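The structure appears right after this line, and notes come after that.
Lettering follows sequence order; numbering is per chain, from 1. Everything numeric in this text was worked out from a predicted model, so none of it was measured.
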Amino acid sequence: MARILITSAIPYINGIKHLGNLVGSQLPADLYARYCRARGHEVLFLCATDEHGTPAELAAAKAGKPVAEYCAEMWEVQKGLSDGFRLSFDKFGRSSSPQNHALTQHFAGRLAEAGLIEERTERQVYSNADGRFLPDRYIEGTCPNCGYERARGDQCENCTKQLDPTDLIEPRSAISGSTDLEVRETKHLYLKQRSLRGELSAWIDGKADWPVLTTSIARKWLNDGDGLQDRGITRDLDWGIPVRKGTEPWPGMEGKVFYVWFDAPIEYIACAKEWSDANGEPDAAWERWWRTDKGADDVRYVQFMGKDNVPFHTLSFPATIIGSGEPWKLVDYIKSFNYLNYDGGQFSTSQGRGVFMDQALEVLPADYWRWWLLSHAPESSDSEFTWENFQASANKDLADVLGNFVSRVTKFCRSKFGEAVPEGGAYDAPEAAVIAALEERLESYQRHMEAIEVRKAATELRAIWVIGNEYLQEAAPWAVFKTDPARAAAIVRFSLNLIRFYAAISAPFIPDAAAAMLEAMGSEAGWPEDVNAALEALPEGHGFTVPENLFRKISDEERADWAARFAGTR
RNA sequence: GGGCCUGUAGCUCAAUUGGUUAGAGCAGAGCGCUCAUAACGCUUUGGUUGGGGGUUCGAGUCCCUCCGGGCCUACCA
């Protein structure tokens, strides 16, 4: 039994996430959390909404709402969708929580005391019409290089040249279109990451077991050009965590807030306090997960994220933690994912292209999505969602291989023996062979789950389901029943136990179907640490019910309808 | 421009890190079964591992080069 802290990259607040976002962090994190719990480990699984920054302010303005109200509403929406996908967070917090305000300000204060904060005055573009400073990419204009008229202030999408906003010809606000722009001086705090470069580099070098995707991105940032750069950690915005030095005001920084990427990772910690506060527990309850001086020494901390998040989790956040000089827990393993594309292109919010979390649940229950997404997780490279693939995978793996197994066993039993585990007969060589095969496969499945090799685990799980069908074909209780009913009873009894076994080990992938299987078997099921014993768990005479079909088939018509519906508007 | 990842059967992916004849699932073909959601099982056809060159007793794996796909490049998050 170990203690495992799991965090998923926190989704940004400004809208409903698509399936690519889901499979890149929250879903595999949930898979791992459920598995670890099932194996008896103590797990704290945290996620939250990432609420600060320019896009949140703009989305709120577009919705005609105060930003706090907008975020609160969107938190409810995202929480509902998390529940809908059965994401088993112990706490789904908010980066705007009072806990995060206090902790973020605390970290800033500690970093300042450590001499790791520097004030810099810089020049930024201010839009009088919008009444705000504009981030580079919120400024549009004509590219001086290629003449493209919708180049952004950070880079021209057309010729890919990197730009400075002041390079643009006829610059305008991407928000309002206003050309009433001026360059103003503004003062910001910088985290002196350069002075932590050696420590960070050594730390990353020690992580030989991390995915290449994770370490190569980190090394790139550490070593590229002049090496790791200092990072601005404040912004001129209204919505955010006010800049304070601990609990004290920060002279000269009035009216400014911390940069969203400074406070968002700190929410991983603050979320733990949100969790314990909500349960009415003392700080010791969350500190034992996060403070190595207060019990977190033996915690294994695993983070899940898409590859775009890697620099912040391998460098910025560790810099914050290390720089604080306090004994906070550093991440032990980072599992990062590539992107999921949609049918030949990218998911696109603006074009309504692809399937978003709310739409997915309108179309089919969570388990269908969980299974497809996890069994096709973009681990080694970007992967692609197509409806043909989704249909084939759901119909074959879920409906035919697993669902139909449950159906044929329970219905056969009901027709020949009634709705109770048949009595009589005994397990024999075929059952022993199946148990041996299951033990081998289960061990492999567990290895993959522990290594967080998601696709391999899914492949192994499917192979375990197939064993049930192979066994039935071989044992043929429908034929044996005619000459040796007692032997047929033993075969069916074994098969019913297989259903319970499958429920237990499949639950991390498809929790609802697993629950339905267990309910039908009238049983609870822990992890089958002893396969032999697990297949004798349902005793003779134990009542069960024949469940509704666990999974329905996706028809060609539905597939075509959905493909058209989600193809996008442009 | 620079860096990183990637290219294996019609499709989605493996291949114990250089080791025998490159394997699975889906799709296709044949056979079997009839309990089951027209489901299941068995057998089987598919490969010049993107092209070319090199190192090695031996290369999908290492090196060079060319071609294709993707990502990142620090003020979106």
Side chain of [X] - closest among [options]:
{"X": "A:T54", "options": "B:A36, B:C71, B:A77", "answer": "B:A77"}
{"X": "A:E470", "options": "B:C42, B:C35, B:U37", "answer": "B:C42"}
{"X": "A:P135", "options": "B:C76, B:C72, B:U37", "answer": "B:C76"}
{"X": "A:W261", "options": "B:C76, B:A77, B:A39", "answer": "B:A77"}
{"X": "A:R231", "options": "B:C75, B:C71, B:A77", "answer": "B:C75"}
{"X": "A:Q473", "options": "B:G41, B:A74, B:U37", "answer": "B:G41"}
{"X": "A:K396", "options": "B:G3, B:C40, B:C76", "answer": "B:C40"}
{"X": "A:V466", "options": "B:A74, B:G41, B:G70", "answer": "B:G41"}
{"X": "A:R462", "options": "B:G41, B:U37, B:G25", "answer": "B:G25"}
{"X": "A:K220", "options": "B:G3, B:C71, B:C35", "answer": "B:G3"}

(message) Judged by each residue's nearest nucleotide on RNA chain B, which is more toward the 5′ side, A:E384 or A:V401?
(response)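 That would be A:E384.
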Could you say whether A:K553 or A:L472 is positioned toward the 5' end of RNA chain B, judged by the nucleotide with the nearest heavy atom to each?
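In this pair, the answer is A:L472.
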Inspect the contact between A:K256 and A:D236 and indicate whether a charged nitrogen and a carboxylate oxygen are less than 4.0 angstrom apart.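 Salt bridge between A:D236 and A:K256, a charged N being under 4.0 Å from a carboxylate O: yes.
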### Query
Going by an N to O cut-off under 4.0 Å, is there a salt bridge joining A:E431 and A:R487?
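A salt bridge is present here (some side-chain N lies under 4.0 Å from a carboxylate O).
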> Distance check: side-chain N/O of A:Y138 vs OP1/OP2 of B:A77, anything under 4.0 Å?
Replying inline: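 No, outside the criterion.
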Quiz item: How long is the line joining CG of A:N389 and P of B:C26, in whole Å?
Solution: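 One finds 13 Å between P of B:C26 and CG of A:N389, rounded.
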Q. Parallel under 30°, tilted from 30 to 60°, perpendicular over 60°: which one fits the rings of A:F133 and A:Y126?
A.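 Taking A:Y126 first and then A:F133, their aromatic rings stand perpendicular (interplane angle over 60°).
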| field | Check: B:C11 base within 3.5 Å donor-acceptor of A:E388 side chain | value |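 Result: no qualifying N/O pair found.
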- Message: If you go through the side-chain atoms of A:N404, does one of them form a donor-acceptor pair with the base of B:A36 closer than 3.5 Å?
- Response: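 Indeed there is one.
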*Listed in order of residue number, which residues of residues 10-25 of chain A have a non-hydrogen atom at under 4.0 Å from RNA chain B?*
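Only A:Y12 qualify.
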- Task: Return the stacking result for B:C35 and A:W478: yes when the ring centres lie under 5.5 Å apart and the planes under 30°, no otherwise.
- Result: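 A:W478 vs B:C35: stacking yes.
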| Distance from A:L364 atom CG to A:I554 atom CD1, nearest 0.5 Å? |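 One finds 5.0 Å between CG of A:L364 and CD1 of A:I554.
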Annotated structure of RNA chain B as dot-bracket, pair cut-off 3.5 Å, Watson-Crick or G-U only, | for inter-strand, is (((((((..((((.....[...)))).(((((.......))))).....(((((..]....))))))))))))....
- With a non-hydrogen cut-off below 4.0 angstrom, is A:G306 in contact with a base, only sugar-phosphate, or nothing?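 Here A:G306 touches no strand at all.
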